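As a basis for the values below, the full set of heavy atoms in this structure was taken, side chains included, without hydrogen atoms, waters or symmetry mates. The residues of the chain are indexed from 1 along the displayed sequence. This is a predicted model, so every value here is computed, not measured.
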Amino acid sequence: MGRGSIEKLPSGNWRAVVRAGRDPITKRHVKLTETCATEGEAIAARERMLAQVEAGSHPDRAVTVATLMARWMDVVDHELSTAETTAGYVRRTINPALGEWTLRKIQHRVDLLDRLYKHLRRCNVLCDGRPFFEHKVTVEHDCARKKCRPHQCKPMAPATVRRIHAILSSAMNYAISWGWMEKNPATYAHPPKLSRRRARPQSSEKVARLLNAASERDIELGIFLWLAVTTGARRGEVTALQWTAFDFDSRLVVLSDNYVVRAGQRRLKGTKTDTGRTLSLDPETVQILRDFRAAR
């Protein structure tokens, strides 16, 4: 059973405090607090939190966005490459901008997310628009020797901003299911729209020069690029290919794996769409692969 009290603060406000036992995982004492303008409001807040503790549904009102992101990253089911990319966005952008905000406050601040997205479309780092030097090291140093340069604002791509928006939205949906917040502000926020750009393939003459130069320098690199050009497969899919994936008689290749290297780990995983596909090979590609296998 929880224990509660109220106390008057030097500011004149009142604080309701409820002790809710220990966290079953961390074993740390859990303390719920809420600051109110009057003594009556504090008493009501204390009784409400005591009732939540009794029902086992009390939210931790002190949980910050940074705490949520760390807990979410621990439990969400991400592939290795997705987990590393997401951790980078959390470390570089989300936590510096929003990490200190508590969930109970940010759930009502849709405008805060919109302002963050607007800023990122102007500059991909959290600057205030005024000139400053981007220092290479944190200790005292000579900027001329370390070649520190003035900061130049570079806009973040709309797709990247939308990725950050998706991370926040997903993490806050988890927070709602955990009872940490009642509303997901990302649901009502306005990330930038994507502008569709048409790919511009290189000319056949440039591709031919690249393939010839690569083959002269390193036959394996030449074959890698040849397969990438003739099949349109992703680089991780080409790297994951083994001889068992080829059927030379039927002139077919099965793309079922993707080779990734993340955080020093090397592994095979499913393709990006998580579905394999079978592609036809032209006679010249089949002959190149036959010759290469015979030479090996």
Side-chain angles (χ1 to χ4, degrees), residues 79-86 88-89 92 120-121 123-125 134 136 147 149-164 192-296:
E79 293 284 355
L80 179 63
S81 55
T82 304
E84 185 181 26
T85 303
T86 300
Y89 289 135
R92 294 189 301 269
L120 294 176
R121 288 295 295 126
C123 184
N124 58 9
V125 299
E134 295 187 7
K136 302 293 183 181
K147 298 181 179 180
R149 296 182 178 180
H151 167 72
Q152 292 183 340
C153 292
K154 298 179 181 178
M156 186 176 283
T160 306
V161 178
R162 292 185 69 89
R163 178 70 178 273
I164 291 171
K193 295 181 179 179
L194 287 179
S195 56
R196 301 292 180 182
R197 293 187 300 174
R198 183 172 297 178
R200 297 181 180 179
Q202 296 293 332
S203 67
S204 56
E205 292 79 8
K206 285 186 177 180
V207 174
R209 289 201 300 270
L210 171 65
L211 294 174
N212 289 332
S215 298
E216 290 175 2
R217 180 166 183 171
D218 185 333
I219 185 61
E220 291 186 0
L221 175 61
I223 291 176
F224 173 89
L225 293 176
W226 180 277
L227 284 172
V229 168
T230 56
T231 66
R234 299 178 176 89
R235 58 184 178 182
E237 295 172 337
V238 178
T239 307
L241 283 174
Q242 302 182 49
W243 289 119
T244 53
F246 295 94
D247 183 345
F248 290 143
D249 294 332
S250 301
R251 300 211 306 256
L252 298 173
V253 59
V254 178
L255 300 173
S256 57
D257 293 312
N258 184 33
Y259 180 78
V260 297
V261 180
R262 289 291 186 276
Q265 300 183 54
R266 297 171 171 81
R267 66 174 62 173
L268 288 174
K269 58 185 285 294
T271 60
K272 185 172 183 179
T273 58
D274 226 13
T275 55
R277 58 194 190 278
T278 302
L279 305 178
S280 299
L281 299 174
D282 61 273
E284 188 171 8
T285 297
V286 171
Q287 190 59 51
I288 289 173
L289 292 170
R290 285 184 184 274
D291 293 343
F292 177 66
R293 187 176 188 184
R296 282 295 180 266

Novice: Assess whether a salt bridge exists between D257 and R234, defined as any Lys/Arg side-chain N lying under 4.0 Å from an Asp/Glu carboxylate O.
Specialist: no
Novice: If you compare all heavy atoms of R163 against all heavy atoms of T82, which two are closest, and at what distance to 0.1 Å?
Specialist: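 Heavy atoms only, the tightest pair is NH2-CG2, 3.8 Å.
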Novice: Of the non-hydrogen atoms in L281 and F246, which two are nearest, and what is the gap between them?
Specialist: CD1-CD2, 3.8 Å
Novice: Stepwise, does the side-chain contact (heavy atoms from CB on, under 4.5 Å) test hold for F224 with D218?
Specialist: CA-CA 10 Å; F224 173 89; D218 185 333; over 6 Å; no
Novice: Search all heavy atoms of L279 against all heavy atoms of T231 and return the closest pair with its distance.
Specialist: CD1-O, 3.6 Å
Novice: Within the structure provided, determine whether P158 and K193 are in side-chain contact (heavy-atom separation under 4.5 Å).
Specialist: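 Not in contact.
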Novice: To the nearest 0.5 Å, what is the distance between CG on N258 and OG1 on T239?
Specialist: 8.0 Å
Novice: Answer yes or no: is there a side-chain heavy-atom contact under 4.5 Å between N124 and P155?
Specialist: no
Novice: Could you give the distance from CG (D291) to CZ (R293), rounded to the nearest 0.5 Å?
Specialist: 12.5 Å
Novice: Minimum heavy-atom separation for R266 and V261, please, with both atom names.
Specialist: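 R266 and V261 have their closest heavy atoms at CG-CG2, 3.8 Å.
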Novice: What heavy-atom pair brings L194 and R162 nearest, and what distance separates the two atoms?
Specialist: CG-CD, 3.5 Å
Novice: Work out which heavy atom in A233 is nearest to a heavy atom in V238; give both atom names and the distance.
Specialist: CB-CG2, 3.7 Å
Novice: Between the side chains of E216 and N212, is a donor N or O closer than 3.5 angstrom to an acceptor N or O?
Specialist: no
Novice: Do T230 and E284 come close enough that some side-chain heavy atom pair is under 4.5 Å?
Specialist: no
Novice: Starting at CE of M156, measure out to CD1 of I164 and round the result to the nearest 0.5 Å.
Specialist: 4.0 Å
Novice: Do L289 and L227 have side-chain heavy atoms sitting under 4.5 Å apart?
Specialist: yes
Novice: Using the side-chain contact (heavy atoms from CB on, under 4.5 Å) rule, take I219 and R296 through it: C-alpha gap first, then chi angles, then the decisive distance, then the call.
Specialist: CA-CA 11 Å; I219 185 61; R296 282 295 180 266; 3.9 Å; yes
Novice: Around atom CZ of R235, are there more than 12 heavy atoms of other residues, nucleotides or ligands at under 6.0 Å?
Specialist: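 No.
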Novice: How many angstroms lie between CD in E220 and OG in S215, if you round to the nearest 0.5 Å?
Specialist: 11.5 Å
Novice: From F248 CZ over to W243 CH2, what is the distance, rounded to the nearest 0.5 angstrom?
Specialist: 5.0 Å
